[in-house]
**Student:** 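Sending over a structure as structure tokens; questions will come in a sec.
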Amino acid sequence: MKKWLGIILVLVIALLALIYAYQVFLPKGKIISLESIIPDEAIYYIYSYNFDSKIRDFQSSSFFKQIAESEFYNKSVNPIIEKVKKRLPLLSELFKKDSGLAIFSFGNIEDPHMGLVDFGDFLFLLRIDPKKYNNINKSLTDFYLSLAAKGKVSFNKYKEFKITNYKLSETKTTISYVLLADVILVSNNKDLIQKSIDLFKDKNKNSLINDKGFQRIIGKIKKDSLLWGYVNNKKYYQEILKEYTLSSLHSHESEEIKLLNSMKIKPFVNLMNVLDTSSFYIDYDKLKQGFISKGYNTFDKSQDIDNILSIISGKLIDTNTFNLIPRNITGYYGGNQDFVNSWRFLKKFLSATDEMMKEGMKADKRYSQFKDRIDEMPNFEDFLKIVESYLGVNIENEVLPLLGNDFGIVFVHLEDASIRFGSNQSDTELPMQQLNMPFMFPQGYGFLEVKDTANAQMLIDKMARNLVNNLNKFIQEQKQKFQEQYGI
């Protein structure tokens, strides 16, 4: 009997020890998905699972080797990666599980020299191995301390969770982070972290995962891809509209003028009402050693007052167009579009955008001395007339009727290039400080389906001939003006 009592006592003690260890050392609660603790007002969201492993696969491809051998990568990209790795030694550990980035507002650069840089509100989420939390936490702490202003580290508690805040040097930005269960949250807006804590405690109310727009489109994507993303188009355009409205409110125009201005942005508002959500995914194909990307959109047809959705042809891409693409290329994008309706919508949309821009400039104090001349600024219609005059054709009446629906853009290879700032005025002057900024410029071409090959070729020849003649004429006119002005 005593033997059994001893065994039972040992089992009870062991059970109590396990319960204590679970409560003390393991995170409380469990987060099934990152989207369950992201507020539903997110404009953008990008997600990846085990990003570290997928990037390693990509780095072994011939496509990456082409990039890695470029001057752009070695001078601009790789130094930044190495600097981050040095400051954050456990970088790869942060991306072995779920990771996500949600954007809630647009940024604004007022004066970078004075630290007046608004990055926009973001929320960065990383799921980690609880066993490695102490090491990861120390690595993150050291990283943020290296960026923070001296003595500008603070702590606060919200619903039993400790939030750490770092005031970054030379900016007005404060970075906050907290551990929720096995997920680390980092944000430049402490309110977003508190909202995530509320979602964690209140079991996902008003979270992204419960958003109807998110639910409608997220089933389309490939969840195990390299990364996938979601865009709330309504919130995106509402953010743009809000910025425009705020500038209009500061205007000293009469109420009648303000009403007229509001009518000018009506096409923009109509577009905003039709566009609902978008999603996409990018995946790395080991067999083809390249990336595959697909995108999806949802629309609200009941709000399509301007017949915006007519730009979608409703046809599948003709697979015969793939025969036009060489095998050893860098990239390809293909699509199917109703170009006639797309052109009409584009003209209407760009005209409305021109009006919005001009009204915004009128309301901006920086342009007050040019206010009387803002309406004289060239717009899209003016630019179109110049293009048509040089080509000698009417795009709407002569070009568009010949176009089909299929089109494609082919990137043959990537070429190193550089932008140079500063130059020497003469051999006798002291050399100015020069700055070469390397970048990668894609070499490629595009193609469009045409309905009548013979007439299309005649039209192309006509446009090329007119363009050459008109450019030569323009050059001669400018040369003559120069000679008359300077007597040469």
**Student:** Would you kindly say whether Thr173 and Asn188 are connected by a side-chain donor-acceptor distance under 3.5 Å?
**Tutor:** no
**Student:** What heavy-atom pair brings Ile32 and Arg127 nearest, and what distance separates the two atoms?
**Tutor:** O-NH2, 3.5 Å
**Student:** With rounding to the nearest 0.5 Å, note down the distance linking CD1 in Ile81 to OG in Ser76.
**Tutor:**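 Reported value, rounded in 0.5 Å steps: 11.0 Å.
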**Student:** Would you give the length of the straight line joining atom OH of Tyr230 to atom CD1 of Ile43, rounded to the nearest 0.5 angstrom?
**Tutor:**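 It is 10.5 Å, given to the nearest 0.5 Å.
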**Student:** Counting only heavy atoms not in Lys159 (residues, nucleotides, ligands), do more than 12 fall under 6.0 Å from its NZ?
**Tutor:**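 For Lys159, atom NZ is crowded (more than 12 foreign heavy atoms under 6.0 Å).
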**Student:** Can you confirm whether the side chains of Ser36 and Ser207 place a donor and an acceptor under 3.5 Å from each other?
**Tutor:**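 There is no such pair (donor and acceptor under 3.5 Å, judged by atom type) between the side chains of Ser36 and Ser207.
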**Student:** Check whether any side-chain heavy atom of Ile197 sits under 4.5 Å from a side-chain heavy atom of Ile163, and report yes or no.
**Tutor:**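 Yes, at least one pair of side-chain atoms sits under 4.5 Å.
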**Student:** Will you find, in the side chains of Tyr158 and Asp198, an N or O donor that is under 3.5 Å from an N or O acceptor?
**Tutor:**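 Result is yes, a qualifying pair exists.
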**Student:** Less than 3.5 Å apart, any donor N or O on the side chain of Asn156 or Asn165 sitting next to an acceptor on the other?
**Tutor:** yes
**Student:** Evaluate the side-chain proximity of Asn210 to Asp40: yes if any heavy-atom separation is below 4.5 Å, no if none is.
**Tutor:**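 No; the side chains remain at least 4.5 Å from each other.
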**Student:** Looking at every heavy atom in both Ser278 and Asn233, which two are closest together, and how far apart are they?
**Tutor:** OG-ND2, 2.7 Å
**Student:** Closest approach of Ser279 and Ile221, non-hydrogen atoms and distance?
**Tutor:** OG-CG2, 3.4 Å
**Student:** Taking it one step at a time, do Tyr47 and Glu35 satisfy side-chain contact (heavy atoms from CB on, under 4.5 Å)?
**Tutor:** CA-CA 9 Å; Tyr47 171 92; Glu35 297 84 43; 3.8 Å; yes
**Student:** When rounded to the nearest 0.5 angstrom, what is the spacing between CG in Asn50 and CG in Leu226?
**Tutor:** 10.5 Å
**Student:** With side-chain contact (heavy atoms from CB on, under 4.5 Å) as the criterion, how do Leu350 and Phe383 come out once you've worked through the C-alpha distance, each side chain's angles and the decisive distance to 0.1 Å?
**Tutor:** CA-CA 11 Å; Leu350 289 178; Phe383 174 74; over 6 Å; no
**Student:** Do you know the tightest heavy-atom contact between Tyr73 and Ser70?
**Tutor:** N-OG, 3.2 Å
**Student:** Mind checking whether Leu180 and Leu185 have side chains closer than 4.5 Å, heavy atoms only?
**Tutor:** yes
**Student:** Any side-chain heavy-atom pair from Phe104 and Asn189 closer than 4.5 angstrom?
**Tutor:** no
**Student:** Measure the spacing between CG of Asn78 and NZ of Lys83 and express it to the nearest 0.5 Å.
**Tutor:**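 Between atom CG of Asn78 and atom NZ of Lys83 there are 12.0 Å.
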**Student:** Quick one: does Ser187's side chain have a donor or acceptor within less than 3.5 Å of a partner on Ser176's backbone?
**Tutor:** no
**Student:** How many angstroms lie between CD1 in Ile409 and OH in Tyr333, if you round to the nearest 0.5 Å?
**Tutor:** 7.5 Å
**Student:** If you compare all heavy atoms of Lys167 against all heavy atoms of Thr174, which two are closest, and at what distance to 0.1 Å?
**Tutor:**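 Here Lys167 and Thr174 meet closest at CD-OG1, 3.5 Å.
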**Student:** Assess whether atom CZ of Phe447 is packed by more than 12 heavy atoms of other residues, nucleotides or ligands within 6.0 Å.
**Tutor:**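 Atom CZ in Phe447 is crowded, with more than 12 foreign heavy atoms closer than 6.0 Å.
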**Student:** Mind checking the OH-OH spacing from Tyr296 to Tyr281? Nearest 0.5 Å is all I need.
**Tutor:**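 It is 5.0 Å, given to the nearest 0.5 Å.
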**Student:** Is the shortest heavy-atom distance from the side chain of Thr321 to the side chain of Tyr332 under 4.5 Å?
**Tutor:** yes
**Student:** Which is it for Phe200 and Val183 under the side-chain contact (heavy atoms from CB on, under 4.5 Å) test, yes or no, and what are the steps along the way?
**Tutor:** CA-CA 11 Å; Phe200 176 66; Val183 176; over 6 Å; no
**Student:** Give a yes or no on whether the backbone of Ile37 and the side-chain of Ser196 come within a donor-acceptor separation of less than 3.5 Å.
**Tutor:**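 The answer is yes, because a donor-acceptor pair under 3.5 Å joins these two groups.
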**Student:** Do Asn297 and Leu275 have side chains that get closer than 4.5 Å, going by heavy atoms?
**Tutor:** no
**Student:** Leu179 and Phe161: which non-hydrogen atoms are nearest, and at how many Å?
**Tutor:**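 Taking every non-hydrogen atom into account, O-CD2, 3.6 Å.
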**Student:** Begin with the C-alpha distance, continue with both residues' side-chain angles, and end with the deciding distance and a verdict on salt bridge (Lys or Arg N to Asp or Glu O under 4.0 Å) for Arg216 and Asp276.
**Tutor:** CA-CA 10 Å; Arg216 272 196 300 271; Asp276 190 13; 2.6 Å; yes
**Student:** Going through the distances and angles, do Arg56 and Asp52 end up as a salt bridge (Lys or Arg N to Asp or Glu O under 4.0 Å)?
**Tutor:** CA-CA 6 Å; Arg56 289 180 188 276; Asp52 178 67; 3.1 Å; yes
**Student:** Evaluate the ring planes of Phe407 and Phe339, with Trp represented by its six-membered ring, and classify them as parallel (under 30°), tilted (30 to 60°) or perpendicular (over 60°).
**Tutor:**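 Geometry flag for Phe339 against Phe407: perpendicular rings.
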**Student:** Just by distance, with hydrogens left out, do Tyr49 and Asp224 show a side-chain donor and acceptor under 3.5 Å apart?
**Tutor:** no
**Student:** Does Gln443 use its side chain to pair, donor to acceptor, with the backbone of Val412 at less than 3.5 Å?
**Tutor:** no
**Student:** Would you check if the side chain of Asn405 reaches a backbone N or O of Gln337 as a donor-acceptor pair within less than 3.5 Å?
**Tutor:**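 Between the backbone of Gln337 and the side chain of Asn405 there is a qualifying donor-acceptor contact (under 3.5 Å).
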**Student:** In terms of heavy-atom contacts, does NZ of Lys220 have more than 12 from other residues, nucleotides or ligands at under 6.0 Å?
**Tutor:**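 Atom NZ in Lys220 is not packed in, count stays at 12 or less.
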**Student:** Checking salt bridge (charged side-chain N to carboxylate O under 4.0 Å, His left out) between Asp283 and each of Lys222, Lys294, Lys54, which is the one that passes?
**Tutor:** Lys222
**Student:** Can you say whether the rings of Trp228 and Phe214 are parallel (under 30°), tilted (30 to 60°) or perpendicular (over 60°)?
**Tutor:** tilted
